[in-house]
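Structure first, commentary second.
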Amino acid sequence: MSEKRQNGFKTFLVIWVGQFVSLLGSGLTSFALSIWVLRHTQSVTQYTLTIVFAGLPGILIAPLAGALVDRWSRKWVLFFCTLGSALTVLVYAYLLSTGQLQVWHIYCGVFFNSILATFQWPAYVAAITMLVEPKDYGRVNGIIEFGQATTTIAAPAVAGFLMYLMGGANHSLGMQRILIVDFVTFMVAALALLIVTVPRPEESEESKRAKGSIWKEAAFGWTFIRERKGLLQLLLLFAVFNLVVAMCGVAVMPMVLGFANEAAVGTIMSLVGVGMLIGGLIMTWTGGPKPRIYGLLGGWALISICFVLVGVRPNIWLVGAGVLLWYVAVPIINASSQAIWQSKTPHDVQGRVFAVRRMIAQFTVPIGDFSAGPLADKLFNPAMMPGGALAGSAGQVIGVGPGRGIALMLMTMAIFPALTALVGILNPRIRNIETELPDVVRKAAPAPEPEPEEASGTAAGATAEA
């Protein structure tokens, strides 16, 4: 690796450490706020509304955010997004300390932070391609997945401990102090961004073709994807895959509760983070399968097997093995997909392309989240209770009683990840995507990073493909 690229990799690590620390702090706050909402409202519906507000902006404004990210300095987009999130945390802390915090304040904060994240994510991913060699994309994306997995494991336990340690029986005091900790982590991330340089990409032919109004530039993300049939078809398969994974993911906990206690549920859910950690380490250590498309399609096929393992018997060991392997596959899928897109998209249009890509891949996730309940309650669970419509057939194989309807739903849905993998391997546009589409050629001397004042006016402000 050249000295220049070594320096670029070191720059990425500095940014990643800052983002990781900030992500951990945000995980603490997210857990603490969830506990606060549930304690103060006693309403699961009001709690789930925070999830809705967290997801809406990514779907509604992603194309516009991506176009603006390409116009602006990616470093300063990340910096101001970090400051914006820090400001939200300070507002929470002030309202809590004065006894004024209401649930609607949290909805507003979550919505605002989601807008910031809609700018931050494409800026972060696009910055990577200016810092590291294309051959290292898989490894670098594995490092990112590793950080997200570590947060998934650590944040709830650390937040619960800190709330007790810092506040004792006074939950509000413990939450205030967690918010201050989170603010400090944002400052660490902001400092990391201040001390690094992220080169600006040189203008590509694709960018020249897209020039015009901000709306034209925002629409170019879709134009770019539509003109590359392999990327478009892969993205549509991802939307189907994410629909099914979202539906099945939210159903695992109530299924396990049907035959086990809360401690067993906690153990199973902790395996989500452990699996993601293992998958992230695999990608970090190896860089992932080659060609990368095999890592992606193979991960889809593996998740089908995992759905069957989770559902086939009311056995905690089988369920645990299925959940663990399921979430080992997720970072491999994500990092492999990310590396493909980074290699095939010109650097100066990655913001808008990646924003549209994420919007299309994940618009089905809310549908999956909300459809799981009615499907389980109205269709599968009644059919698998003693005397139910399927008790004498499917019930003879996987058992009857509480939760076995969800188990049948998981096993039924298992066909879809396998089907998406089969369609992908049989489709030459997808199977040969890495050889048919040319890799982006990095310019030898990217333009230097502009001074901060040039970024004035930038916006304030880790399922499968993200």
Side-chain angles (χ1 to χ4, degrees), residues 27 31 138 141-158 241-242 244-286 288-289 294-337 365 368-369 372 398-399 403-404 406-418 420-421 462-466:
F31 181 85
N141 289 312
I143 292 173
I144 294 173
E145 294 288 337
F146 169 82
Q148 292 174 334
T150 303
T151 300
T152 301
I153 297 172
V158 173
F241 172 77
N242 283 342
V244 175
V245 169
M247 187 184 305
C248 294
V250 299
V252 171
M253 184 185 295
M255 185 204 74
V256 176
L257 277 174
F259 69 88
N261 59 26
E262 289 81 0
V265 173
T267 301
I268 293 297
M269 300 319 294
S270 70
L271 291 175
V272 171
V274 173
M276 291 176 65
L277 187 66
I278 294 171
L281 285 172
I282 290 172
M283 290 300 299
T284 302
W285 185 259
T286 68
Y294 291 167
L296 193 158
L297 299 177
W300 286 354
L302 175 60
I303 285 180
S304 278
I305 297 172
C306 294
F307 285 179
V308 174
L309 278 175
V310 170
V312 67
R313 298 298 302 165
N315 180 292
I316 201 70
W317 294 101
L318 279 176
V319 174
V323 168
L324 181 68
L325 288 174
W326 176 347
Y327 284 93
V328 167
V330 168
I332 296 173
I333 294 168
N334 283 345
S336 297
S337 173
V365 171
D369 288 339
I398 67 172
R404 300 320 295 159
I406 296 176
L408 179 61
M409 183 176 80
L410 283 164
M411 296 183 69
T412 303
M413 295 300 166
I415 189 173
F416 290 101
T420 56
T463 57
E465 179 164 288

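All heavy atoms count here, side chains included; hydrogens, waters and symmetry mates do not. Every value quoted in this text rests on a predicted model; they were computed, and no experiment measured them.
Between Ile332 and Pro289, the shortest heavy-atom distance links the atoms CG2-CD, 4.3 Å. When all heavy atoms are compared, the tightest approach of Phe241 to Ile333 is CZ-CD1, 4.1 Å. Closest heavy-atom contact between Asn141 and Ala335: CB-CB, 3.6 Å. Residues Met409 and Met247 share a closest heavy-atom pair of CE-O, 4.3 Å. Minimum heavy-atom separation, Val244 to Phe307: CG1-CE1, 3.8 Å.
With hydrogens and angles disregarded, a donor-acceptor distance shorter than 3.5 Å links the side chain of Thr284 to the backbone of Ile143. With hydrogens and angles disregarded, a donor-acceptor distance shorter than 3.5 Å links the side chain of Thr420 to the backbone of Phe416.
A search for side chain to side chain contact (heavy atoms under 4.5 Å, CB included) contacts involving Ala418 returns Ser304, not counting sequence neighbours. By the side chain to side chain contact (heavy atoms under 4.5 Å, CB included) test, Thr412 pairs with Phe380, Leu408, sequence neighbours left out.
The distance from the OG1 atom of Thr151 to the CE atom of Met276 is 9.0 Å, given to the nearest 0.5 Å.
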Would you be so kind as to tabulate the donor-acceptor pairs closer than 3.5 Å made by side chains of residues 309-331, with sequence neighbours excluded?
residue: Arg313; atom: NH1; partner: Val397; partner atom: O; Å: 2.9
residue: Asn315; atom: OD1; partner: Trp317; partner atom: N; Å: 2.8
residue: Asn315; atom: OD1; partner: Leu318; partner atom: N; Å: 3.1

Output side-chain donor-acceptor pairs under 3.5 Å for residues 249-257, partner residues at least two apart or in another chain, one line each.
none

(request) Evaluate the side-chain contact (heavy atoms from CB on, under 4.5 Å) criterion for residues Glu145 and Met283: first the C-alpha distance (whole Å), next the side-chain angles of each, then the deciding distance (0.1 Å), finally the verdict. (result) CA-CA 9 Å; Glu145 294 288 337; Met283 290 300 299; over 6 Å; no
